[in-house]
2 protein chains.
Amino acid sequence: MQPFITLLNEELLNTIRKLHMPETLKQSMMYSLEAGGKRIRPLLIFATLEGFGMDGKTGLPVALSVEMIHTYSLIHDDLPSMDDDDLRRGKPTNHKVFGEAMAILAGDGLLTYSFQLLSEIPSDVVSCEKKLALIRELAKASGPEGMVGGQVADLEGENRTVDLSQLQTIHGNKTGKLLTFCVKAGAILAGADRETTEKLEQFAHHIGLAFQIRDDILDVEGIPEKTGKNTGSDKIKKKSTYPSLLTLDGAKEKLNEHVFAAKKLLAELPLNTDKLETITDLIGSRDH
Amino acid sequence: MQPFITLLNEELLNTIRKLHMPETLKQSMMYSLEAGGKRIRPLLIFATLEGFGMDGKTGLPVALSVEMIHTYSLIHDDLPSMDDDDLRRGKPTNHKVFGEAMAILAGDGLLTYSFQLLSEIPSDVVSCEKKLALIRELAKASGPEGMVGGQVADLEGENRTVDLSQLQTIHGNKTGKLLTFCVKAGAILAGADRETTEKLEQFAHHIGLAFQIRDDILDVEGIPEKTGKNTGSDKIKKKSTYPSLLTLDGAKEKLNEHVFAAKKLLAELPLNTDKLETITDLIGSRDH
């Protein structure tokens, strides 16, 4: 899947580079897009489409759009008034380089442009109805009932204990719904039936939880040189996490359960799920 | 046009109230939506539709969407790292009441939800193609090539002199494009021909400039009890404004020129432009 990631990385920058806007804003937007990351969300779109026997590259505009939304959320989450992080993927965070005002506006710009990008897909490539469905689902996944609401609940969960079910809801909104959107976007583009779409969404639910548990584990025992951020930040913020609620071993067990459940669902799907399986393994075992 | 404004104010709150999200986030979003304001943008949509002989109320979802975008931009612009304003429309600004993190997230939530709202207009009311055109134009007007870019240029213009043409470009992006979107949205919904649409856009260009010049004049000689904000803030920030570049009398003359040009364009349009004329007068003579 590396050629797709290379193409995605190039297009993320090309797309922003050719827009007319103040140079500092452009640099700020590109800085965070360029900071890389695992590109899990674009990969999920690509792998889902290939599962349906389609060319994964047809998902490129949606992948660009999702990665812009994800990047904006990282920029805003890192701000001093939020998680107050200085490092992201081993590089200074956006506001450390460009200042708070520019970081906020770069986030706003990426968020807004992600919808423009979807609306501008030529109608002979993706039908009008499908484009609207993509826009609607992306907005739902990333808005107040999704990611934004999850970030609020996450911030409110600091310095107090939340139980396992609350923790799942918080992360389901903060990260799960956008991951689910990615497989759903693949299903929308492929014109999948309802049963397949629902099974894919269940699969995404499990890898979303696995993703978050792995994140919590890495905050305890990750290697900063690999994760690109300092460990122990959850403890400092007195945040409830899977390891704090279940012990480290308990969290690892829970992670394996979700990876297992995700793979079981893949086996039931009438698709070529090789690439989705690779991503599932990646999520469960990643060291960054 | 008062019944439409009453309906809009109710629906702004009803729409957010029925969503599922953390209570603090909801309160923060509703607080700023409720703070009122002149609702110039919704009025422009309404008046344009009525000009085409349509029921202005069919523009309600677009009006809600634009007002959410406008409100998000005010919340973010008021933040300490941006304009650092404590008062907006006579009330404490969002971050003064809910804190910076919540203010940023309330803005993000309103911005994202505005696109969801447009995507959810039933297709038997507005065709798929028209909805996509509305989403595309709204994103363009409010994104990095529009409002967000304008806010960056505006911040960068503090403490240094910009000339009249640069000032027009800054405000054209920061406020003009979203005002233009409103009349364009009316034209899209009405299925207007290219010539009429272009003339409406030229009209919007002039009222956008008139709006900004009036804003600058009010910052010099406005009555804080009426404007709901302190006067003299541009001078404190050493911002170039129409009065600072043209003198107060020169700015007033410029304002009249744009109001005159806007009305001349209205007279050339094959529409019933009574309501658009009322709004033009309102923009030129408003005291808040």
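As a basis for the values below, the full set of heavy atoms in this structure was taken, side chains included, without hydrogen atoms, waters or symmetry mates.
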Chain A heavy atoms under 4.5 Å from Leu111(B): which part of the residue, side chain, backbone, both or neither? side chain
Met102(B), part contacting chain A, at a heavy-atom distance under 4.5 Å: side chain
Can you check whether anything in [range] gets within less than 4.5 Å of chain B, heavy-atom wise, and list it by number?
range: residues 131-140 of chain A; result: Lys131(A), Leu132(A), Ile135(A), Arg136(A), Ala139(A), Lys140(A)
range: residues 68-77 of chain A; result: Tyr72(A), His76(A)
range: residues 172-184 of chain A; result: none

With the side chain counted from C-beta on, respond yes when [X] and [Y] share a heavy-atom pair under 4.5 Å apart, and no when they do not.
X: Asp163(A); Y: Leu245(A); value: no
X: Asp215(B); Y: Tyr242(B); value: no
X: Ile16(B); Y: Met21(B); value: yes

State which residue, out of Asp78(A), Asp83(A), Asn94(A), fulfils the side chain to side chain contact (heavy atoms under 4.5 Å, CB included) condition with Arg88(A). Asp78(A)
At a heavy-atom distance under 4.5 Å, which candidate from [options] has the highest pair count against chain A?
options: Leu117(B), Leu110(B), Asp108(B), Leu25(B); answer: Asp108(B)
options: Ser114(B), Pro22(B), Gly146(B); answer: Pro22(B)
options: Cys128(B), Gly149(B), Ala106(B); answer: Cys128(B)

Return the orientation label for the Phe115(A) and Phe115(B) ring planes: parallel under 30°, perpendicular over 60°, tilted otherwise.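 Parallel: the ring planes of Phe115(A) and Phe115(B) meet at under 30°.
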CA sep, side-chain torsions, deciding dist, call: Glu198(B), Gln202(B), side chain to side chain donor-acceptor pair (under 3.5 Å): CA-CA 6 Å; Glu198(B) 281 176 4; Gln202(B) 288 169 33; 5.5 Å; no
Any salt bridge between Asp219(B) and Lys235(B), counting N to O under 4.0 Å?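 Answer for the salt bridge query: no.
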Can you name the nearest heavy-atom pair linking [X] to [Y], along with the distance?
X: Thr15(A); Y: Leu64(A); answer: OG1-CD1, 4.1 Å
X: Glu11(A); Y: Leu60(A); answer: CG-CD2, 3.9 Å
X: Leu209(B); Y: Gln168(B); answer: CD1-OE1, 3.8 Å
X: Leu13(B); Y: Met30(B); answer: CD2-O, 3.9 Å
X: Arg89(A); Y: Ala35(A); answer: CD-O, 3.4 Å
X: Leu167(B); Y: Thr241(B); answer: CD2-C, 3.7 Å

Among Leu118(A), Thr24(A), Leu155(A), single out the residue with the greatest number of heavy-atom pairs under 4.5 Å to chain B.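 Greatest number of close heavy-atom pairs with chain B: Thr24(A).
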Can you list the residues that meet the side-chain contact (heavy atoms from CB on, under 4.5 Å) rule with Lys96(A), with sequence neighbours excluded?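 Asp86(A), Pro92(A), Thr93(A).
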Which answer fits Leu79(A), side chain, backbone, both or neither, if we ask what part of it has an atom under 4.5 Å from a heavy atom of chain B? side chain
Audit row: Gln27(B), Glu23(B), side chain to side chain donor-acceptor pair (under 3.5 Å) steps and yes/no: CA-CA 6 Å; Gln27(B) 291 306 325; Glu23(B) 192 54 31; 2.6 Å; yes
Side chain to side chain contact (heavy atoms under 4.5 Å, CB included) between Ile170(A) and Glu156(A): does it pass, once the steps are laid out? CA-CA 10 Å; Ile170(A) 291 171; Glu156(A) 289 182 335; over 6 Å; no
